[in-house]
Amino acid sequence: MFALFSASAATGRRTTGRRTTGRRIAAAAATAGLLALGSLAGTGNAVADENDVHHQGGAVATLDGLKTFDKARLDVGGGTTKTIAAGLFEMSVEGSGLLQTYCIDIHNPTQDKATYLETPWAQTSLGANENAGKILWILQNSYPQVADLASLAQKSGSGQLTPETAAAGTQVAIWRFSDGAKVEAENAQAETLADWLEAQAQNLQEPKTSLTLEPNAVSGKSGSRLGPVTVRTDAGQVSVAASEDAAAAGVKVTGKDGQAVTSAADGTELYFDVPEGAADGSASLTVRATTKVPVGRAFASASKSQTQILAGSSDSTVTADATANWATKGAIPSVTAEKNCAKGGIDVTAGNEGDSPFTFELAGAEHTVGAGETKTVTVPVGEDEAYDFTVTGPNGFSERFQGVLDCKTQGTPAPENPGGGEETPSSNPSPAGGSSEDTTGGKGDLAETGSSSATPVIAGIAVVLVVAGGAAMLVLRKKKAAGGQ
């Protein structure tokens with residue numbers, strides 16, 4: 001994974017610290033390289049630093065690869081089909097835990113070891129998909145949630161199933177609803193299972209989040225309790241801990257009754273109790289739990305890698321953060337952001353609990369939030385494009401938001417190449433740990449990784465980084481030589 005952005009803060013965290021001249025030069029060169037990449041590659045698939053992408057809470061996981069799968073045939077148009085892999089992926093959860101997922105984004109590629117974030121349906125292609133609830137029904141009524149394959153085979157009338165064919169049949173049925181894809185399992189038993197799942201599926205409601213905080217940023221005057229920040233979780237209980245900067249400022253995390261808290265449950269309201277006379281500043285809190293992430297939760301990548309949906313979870317670590325900003329007078333801002341797939345952009349919501357207006361610049365325009373008011377600005381972002389912007393305010397206030405807007409699936413076959421050949425549909429990554437027999441009779445990766453889209457981007461990034469690095473080194477050497485004269 002190549003990172004073209006470098007940040008020191010995610011949602012609800014402040015960007016602080018100083019950089020050396022050399023680092024600034026390198027960062028400027030990398031930024032120039034990013035702009036060049038966008039025009040040269042023509043894809044908009046810029047890659048953000050996955051460790052700094054803002055997240056509203058829940059599980060964060062790394063893609064380990066396609067683990068349990070069989071073959072399927074995808075109709076790519078013009079009477080042509082493509083053999084692809086269909087089955088279960090695995091992800092390692094940051095902290096602890098293992099997830100199993102299916103793809104809901106058949107025509108897009110995956111990136112090896114991509115970071116994925118638990119994401120509400122509305123911030124993915126599922127938000128506009130009237131069949132999203134049917135996908136959840138399939139997940140609940142097929143493999144791996146139904147581990148008794150003999151029972152599943154009997155219900156579906158499929159005949160004998162293996163983990164591989166059960167996973168393939170389940171994935172094929174999901175693709176028919178997630179992407180409207182014309183796809184069939186090559187194995188007869190898997191295809192029968194897919195047909196049965198498709199016919200039986202019923203629309204269900206989106207499952208609850210594993211863990212999030214609403215809102216994840218608050219503000220107010222010192223000498224008061226700032227909040228509430230409401231816990232939303234599927235876990236029975238979560239731990240609550242204030243940051244070191246909160247303790248240093250004498251700030252306590254309390255409940256609605258004003259009593260200090262170290263644990264909470266779904267619906268608990270949390271507050272930052274800021275003492276009278278506290279110097280203007282900010283602090284954060286973290287809630288954490290070990291729980292099974294609910295089946296059906298969407299997982300979107302922090303870069304550009306096909307969206308996934310959860311099929312199974314071990315006990316996993318989930319976290320969420322919130323921040324508070326306080327002052328004695330003047331503007332006292334708080335800023336949050338979330339993807340708005342319906343409007344094709346990022347909703348940035350700025351609040352001001354101070355006694356004077358808060359003015360900030362965003363998307364080339366100036367915005368003012370009056371004392372005690374809240375304002376939401378939608379920053380337009382193109383589909384599959386990276387975004388990276390910062391909102392600043394008084395007393396060193398700074399909130400940075402970055403990621404990739406991925407709200408749609410490609411519902412039609414990829415267009416033909418200028419040379420006349422067909423683009424390779426980007427369905428799944430190659431199986432982890434080796435290769436499988438392909439349709440040409442040779443040995444190779446069974447599933448295409450989207451060489452038509454991902455490879456040029458990676459190559460372009462490599463070139464940009466080499467050029468940027470070279471430029472930075474040249475400038476540094478000239479500065480060093482000048483300094484020695």
Point to revise | From CA spacing to verdict: salt bridge (charged side-chain N to carboxylate O under 4.0 Å, His left out), Lys339, Asp347 | key: CA-CA 6 Å; Lys339 297 177 184 179; Asp347 281 346; over 6 Å; no
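- At a threshold of 4.0 Å, the pair Asp266-Lys208 counts as salt-bridged, since one of the basic side-chain nitrogens sits closer than that to a carboxylate oxygen.
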Review point. Where do Thr110 and Asp112 land on the side-chain contact (heavy atoms from CB on, under 4.5 Å) test, with the steps shown first?
Key: CA-CA 7 Å; Thr110 57; Asp112 186 38; over 6 Å; no
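- Between Phe360 and Thr392, the closest heavy-atom pair is CB-O, 4.0 Å.
- Using a 4.5 Å heavy-atom threshold, the side chains of Ser301 and Val404 count as separate.
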Exercise for review: Output, in order, the C-alpha distance, side-chain angles, deciding distance and verdict of side-chain contact (heavy atoms from CB on, under 4.5 Å) for Leu285 and Asp321.
Suggested key: CA-CA 6 Å; Leu285 66 82; Asp321 299 323; over 6 Å; no
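- The disulfide bond (SG atoms under 2.5 Å apart) analysis of residues 343-389, with sequence neighbours excluded, yields no pairs.
- Between Gln237 atom CD and Thr290 atom OG1 the span is 11.5 Å, to the nearest 0.5 Å.
- From Ser284, atom OG reaches atom CG of Asn216 across 11.0 Å, with rounding to the nearest 0.5 Å.
- Shown here for Gly351 and Thr374, the closest heavy-atom pair between the two residues is CA-OG1, 4.1 Å.
- Using modelled atom types and a 3.5 Å distance limit, the side chains of Thr124 and Thr119 yield no donor-acceptor pair.
- Counting only heavy atoms from C-beta outward, the side chains of Phe89 and Gln100 never approach each other to under 4.5 Å.
- Annotation: the span from Phe389 atom CZ to Phe401 atom CZ amounts to 6.5 Å, rounded to 0.5 Å.
- Between the side chains of Thr254 and Gln259, not a single donor N or O lies within less than 3.5 Å of an accepting N or O.
- Asn203 places a side-chain N or O within donor-acceptor distance of the main-chain N or O of Gly133, the cut-off being under 3.5 Å.
- The shortest non-hydrogen separation linking Ser356 to Ala371 is N-CB, 3.9 Å.
- Pairs of residues two or more places apart, or lying in two chains, that qualify as side chain to side chain donor-acceptor pair (under 3.5 Å) and include a residue from residues 222-234 are Glu214-Arg232.
- Inter-residue side-chain proximity for Tyr143 and Leu88 is flagged as met; some heavy-atom pair is nearer than 4.5 Å.
- Between the side chain of Glu383 and the main chain of Lys408, a donor-acceptor pair closer than 3.5 Å is present.
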**Study point:** Full working for side chain to side chain donor-acceptor pair (under 3.5 Å) between Thr359 and Thr368
**Key:** CA-CA 4 Å; Thr359 299; Thr368 298; 3.0 Å; yes
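- A donor-acceptor pair is defined here as one N or O able to donate and one able to accept, closer than 3.5 Å; such a pair exists between the side chain of Arg297 and the backbone of Pro207.
- In this structure a side-chain-to-backbone donor-acceptor pair under 3.5 Å is missing from Asn131 to Lys134.
- The distance from the CH2 atom of Trp175 to the CD1 atom of Ile138 is 12.5 Å, given to the nearest 0.5 Å.
- A donor-acceptor contact shorter than 3.5 Å links the side chain of Asp355 to the backbone of Gly330.
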Check your understanding: Going through the checks in order, is the side-chain contact (heavy atoms from CB on, under 4.5 Å) test met by Thr317 and Arg288?
Key -> CA-CA 7 Å; Thr317 300; Arg288 183 184 308 271; 3.8 Å; yes
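- A search for side chain to side chain contact (heavy atoms under 4.5 Å, CB included) contacts involving Ala289 returns Ala235, Val238, Val318, not counting sequence neighbours.
- Using a 4.5 Å heavy-atom cutoff, the side chains of Asn325 and Pro333 are in contact.
- Considering only heavy atoms from C-beta on, Leu405 stays 4.5 Å or farther from Asp384 through its side chain.
- When atom types are taken as modelled, the side chain of Ser314 and the backbone of Leu98 share a donor-acceptor pair closer than 3.5 angstrom.
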Exercise for review: Could you go through the side-chain contact (heavy atoms from CB on, under 4.5 Å) check for Leu63 and Lys113 one step at a time?
Suggested key: CA-CA 5 Å; Leu63 185 68; Lys113 297 298 180 182; over 6 Å; no
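- Residues that satisfy the ring-ring contact (aromatic ring centres under 6.0 Å, His included) test with Tyr102, not counting sequence neighbours, are absent from this structure.
- In summary, the side chains of Thr101 and Gln308 do present a donor paired with an acceptor at a separation below 3.5 Å, with no hydrogens or angles considered.
- Applying the side chain to side chain contact (heavy atoms under 4.5 Å, CB included) rule to Ala327 yields the partners Asp280, Ile332, Asn395; only residues at least two apart in sequence or on another chain are considered.
- Put simply, the side chain of Val369 reaches to within 4.5 Å of the side chain of Lys375, judged on heavy atoms.
- No hydrogens or angles considered: a donor-acceptor pair under 3.5 Å links the side chains of Ser210 and Glu118.
- Sorted by first and then second residue, the pairs that involve residues 293-399 and meet disulfide bond (SG atoms under 2.5 Å apart), not counting sequence neighbours, are Cys341-Cys407.
- Using a distance-only test at 3.5 Å, with no hydrogens or angles considered, a donor-acceptor pair links the side chain of Glu206 to the main chain of Trp121.
- Considering all non-hydrogen atoms of both residues, Ala350 and Phe358 come closest at CB-CE2, 4.2 Å.
- Listed for the Asp245 side chain is no donor-acceptor partner under 3.5 Å among the backbone atoms of Ala249.
- Note that CG of Asp64 and OG1 of Thr62 are 7.0 Å apart. Values are rounded to the nearest 0.5 Å.
- Side-chain atoms of Asn129 do not come within 3.5 Å of backbone N or O of Ser125 as any donor-acceptor pair.
- Taking a cutoff of 4.0 Å between a charged side-chain nitrogen and a carboxylate oxygen, Asp315 and Lys292 qualify as a salt bridge.
- Checking Thr376 against Thr349 by side-chain atom types alone, a donor-acceptor pair falls below 3.5 Å.
- Side-chain N/O atoms of Gln123 and Gln56 include a donor and acceptor closer than 3.5 Å.
- Between the Glu399 side chain and the Ser334 main chain, no donor and acceptor come within less than 3.5 Å of each other.
- Side chains of Val60 and Val93 form no contact here, defined as non-hydrogen atoms less than 4.5 Å apart.
- Across Ala264 and Val240, no two heavy atoms sit closer than the pair CB-CG2, 3.9 Å.
- Atoms CG and CD, on Asp179 and Gln306 in that order, are 9.0 Å from each other to the nearest 0.5 Å.
- With contacts defined as side-chain heavy-atom distances shorter than 4.5 Å, the pair Ser305/Tyr116 qualifies.
- Between Leu211 and Ala320, the shortest heavy-atom contact is CD2-N, 3.9 Å.
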